[in-house]
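Following: one structure in structure tokens, then a few remarks.
Because only heavy atoms are used, hydrogens play no part in the values below, and waters and symmetry mates are left out as well, while side chains stay in. Naming convention: chains lettered A, B, ... in sequence-line order (proteins, then strands); numbering from 1 in each chain.
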Protein chains: 2
Amino acid sequence: MHSFTEENYLKTIYYLASRQTGEVSTNALAEMTATKAASVSDMLRKLADKQLIHYKKYQGVRLTEEGERVALQIIRRHRLWEVFLVEKLGFGWDAVHDIAEELEHIRSEELVTRLDTYLGCPQFDPHGDPIPTSAGQMPQTGYQKLSEINTGQRVQLMGVLEHSTEFLQHLDHLDLTLSCSVTVAESNAFDKSLLVQLESGRTVFVSHEVAKNLLVGESQ
Amino acid sequence: MHSFTEENYLKTIYYLASRQTGEVSTNALAEMTATKAASVSDMLRKLADKQLIHYKKYQGVRLTEEGERVALQIIRRHRLWEVFLVEKLGFGWDAVHDIAEELEHIRSEELVTRLDTYLGCPQFDPHGDPIPTSAGQMPQTGYQKLSEINTGQRVQLMGVLEHSTEFLQHLDHLDLTLSCSVTVAESNAFDKSLLVQLESGRTVFVSHEVAKNLLVGESQ
DNA sequence: ATAAAAATTTAGACTAGTCTAAATTTTTAG
DNA sequence: CTAAAAATTTAGACTAGTCTAAATTTTTAT
């Protein structure tokens, strides 16, 4: 088996690789894992020895097939536990990340299988992130960022790209909940901020920073 | 907070102290935690520095009030998770110990509170062990060992003192399930084995080794 | 094209928790 | 009561993961 720490590195490499092209850099990993570049270098050598990553010194890293398999397993566990925490225990979607971060490392295949069944084999977690299949596939979603939607278009809020408590509470505050329909009423050319209309008719102001982190799909 | 390892030592000290009088020995701890006496000595010094145990060299240990508080918290979590695994996920009572051993270290007060509520504030875990209260009290049960029951007496199976998969599967095999009523039909003076009658009328042979590990209460 | 800046790796050290082997203390048996 | 046995602690070493500081490689800007 892999250590808690190794699992976290693999998960983080997967995450960073998914939002860019090419190899993941040592510095990016250091920042995400809140460690120093020197520590990351050490760990990359270890992961490469175990054939979990492709690594050439100074050239960044990329997961091997096995590394990706492990990463997706951890992400699957994380997202299933988040569903449990929100759906069954009644936690808010802004309060589950850190707890799931611990639960994802519990070592039991059987536990994951039973949890999945118990939750009704959910496809998405409480933040709209797709849950990797037990076979190790990451379901693809064709969502766009709200920041890329034209004025006048009506879309449905399907996910978020930022999972911090602060961001999610801000969305709660704006009444922007997952699967709600919104229409882009106005777009401000200067700061790219948006005015969006909710189903209730109420309009809310959405900064570009926020809009960049909202994923939307075709309405209904 | 306390480390995973510290929590395990405190839990183990509590466990050993509860089945004996006086201080817990270094060797006993080494055996229970599957480490060596030298490692235990090191850790005891650390726990004593943190005021979690009373420790005089060569004289064994005893939990401080704070140490007992922490131990009971871990035991509470362990037992609540066991209820979850059996009641909600459908695990057998013989398969949950090791998983709960990991889940008990998840750090979130809120999680424990919500889990407890979700499970209906259970008083006992799937093995009949009482669940410590959120206030840190271990409920007392007046159970006796089946090995101490007189011939002819009818009692109800309330708990087990041994939690290994093998032992629990043996009980399943004998049809001895928690809360079933049994009557001690015969007691063998030579090896202290018992013949007990189940509600179905069927009688099963129970060795002294097994009877010592079964807790029973007044019938019905 | 090359020097400065930025990124990365190496070297050496630290902590938590473990180990073996040796030293010390306590217990026990005669 | 004392010598041997048993239990415990100390000493010194190891691993995983981290750190700082220094060295090296790559990138960038002129």
Taking only distance into account, with no hydrogens and no angle test, what donor-acceptor pairs under 3.5 Å do side-chain atoms of residues 90-97 of chain A form with protein atoms, sequence neighbours excluded?
{"residue": "A/Trp93", "atom": "NE1", "partner": "A/Asp172", "partner atom": "OD1", "Å": "3.1"}
{"residue": "A/Trp93", "atom": "NE1", "partner": "A/Asp172", "partner atom": "OD2", "Å": "3.3"}
{"residue": "A/Asp94", "atom": "OD2", "partner": "A/Gln169", "partner atom": "NE2", "Å": "2.8"}
{"residue": "A/His97", "atom": "NE2", "partner": "A/Glu101", "partner atom": "OE1", "Å": "3.2"}

Near-strand residues of residues 15-33 of chain A, defined as heavy-atom separation under 4.0 angstrom from DNA chain C | A/Ser25, A/Thr26, A/Asn27

Taking DNA chain D as the partner, which of residues 54-63 of chain A come within under 4.0 angstrom of it by heavy atom?
-> A/Tyr58, A/Gln59

Would you give the length of the straight line joining atom CD1 of A/Ile75 to atom OH of A/Tyr14, rounded to the nearest 0.5 angstrom?
-> 5.5 Å

Member of B/Lys46, B/Lys50, B/Lys11 meeting the salt bridge (charged side-chain N to carboxylate O under 4.0 Å, His left out) criterion with B/Glu6 | B/Lys50

Looking at every strand, decide which applies to A/Thr5 at a 4.0 Å heavy-atom threshold: base, sugar-phosphate, or nothing.
-> sugar-phosphate

DNA chain C stem ranges, 3 or more consecutive Watson-Crick or G-U pairs under 3.5 angstrom = C:1-30 with D:1-30

Along DNA chain D, first and last positions that approach a heavy atom of chain B under 4.0 Å | D/dA7 to D/dT10

Can you name the residues that form a side chain to side chain contact (heavy atoms under 4.5 Å, CB included) with B/Thr12, not counting sequence neighbours?
-> B/Leu16, B/Leu29, B/Met32, B/Thr33

Lys NZ or Arg CZ of A/Lys88 over A/Tyr118 ring: under 6.0 Å, within 45° = yes

Salt bridge (Lys or Arg N to Asp or Glu O under 4.0 Å) contacts in which one or both residues fall within residues 15-26 of chain B, not counting sequence neighbours = B/Glu23-B/Arg62

Across all chains, not counting sequence neighbours, the side chain to side chain contact (heavy atoms under 4.5 Å, CB included) partners of A/Gln123 are none

By nearest nucleotide on DNA chain D, pick out whichever of A/Tyr9 and B/Ser39 is the more 5' one.
-> B/Ser39

Kindly write out the residues that satisfy side-chain hydrogen bond (donor to acceptor under 3.5 Å, both in side chains) with A/His2, not counting sequence neighbours, or none if the list is empty.
-> none

Set of side-chain hydrogen bond (donor to acceptor under 3.5 Å, both in side chains) partners for A/His127, sequence neighbours left out | A/Glu82

Output field: ring centroids A/Phe84/B/Phe84 closer than 6.0 Å = yes

Would you give me the side-chain donor-acceptor pairs under 3.5 Å for residues 135-151 of chain A, sequence neighbours excluded?
{"residue": "A/Gln140", "atom": "NE2", "partner": "A/Met138", "partner atom": "O", "Å": "3.0"}
{"residue": "A/Glu148", "atom": "OE1", "partner": "A/Lys145", "partner atom": "N", "Å": "3.4"}

5' priority, DNA chain C, between B/Lys46 and B/Ala38 [closest heavy atom] | B/Lys46

Can you label the angle between the B/His170 ring and the B/His173 ring as parallel, tilted or perpendicular, going by 30° and 60°?
-> parallel

Test side-chain hydrogen bond (donor to acceptor under 3.5 Å, both in side chains) applied to A/Lys192 - qualifying residues, sequence neighbours left out | none

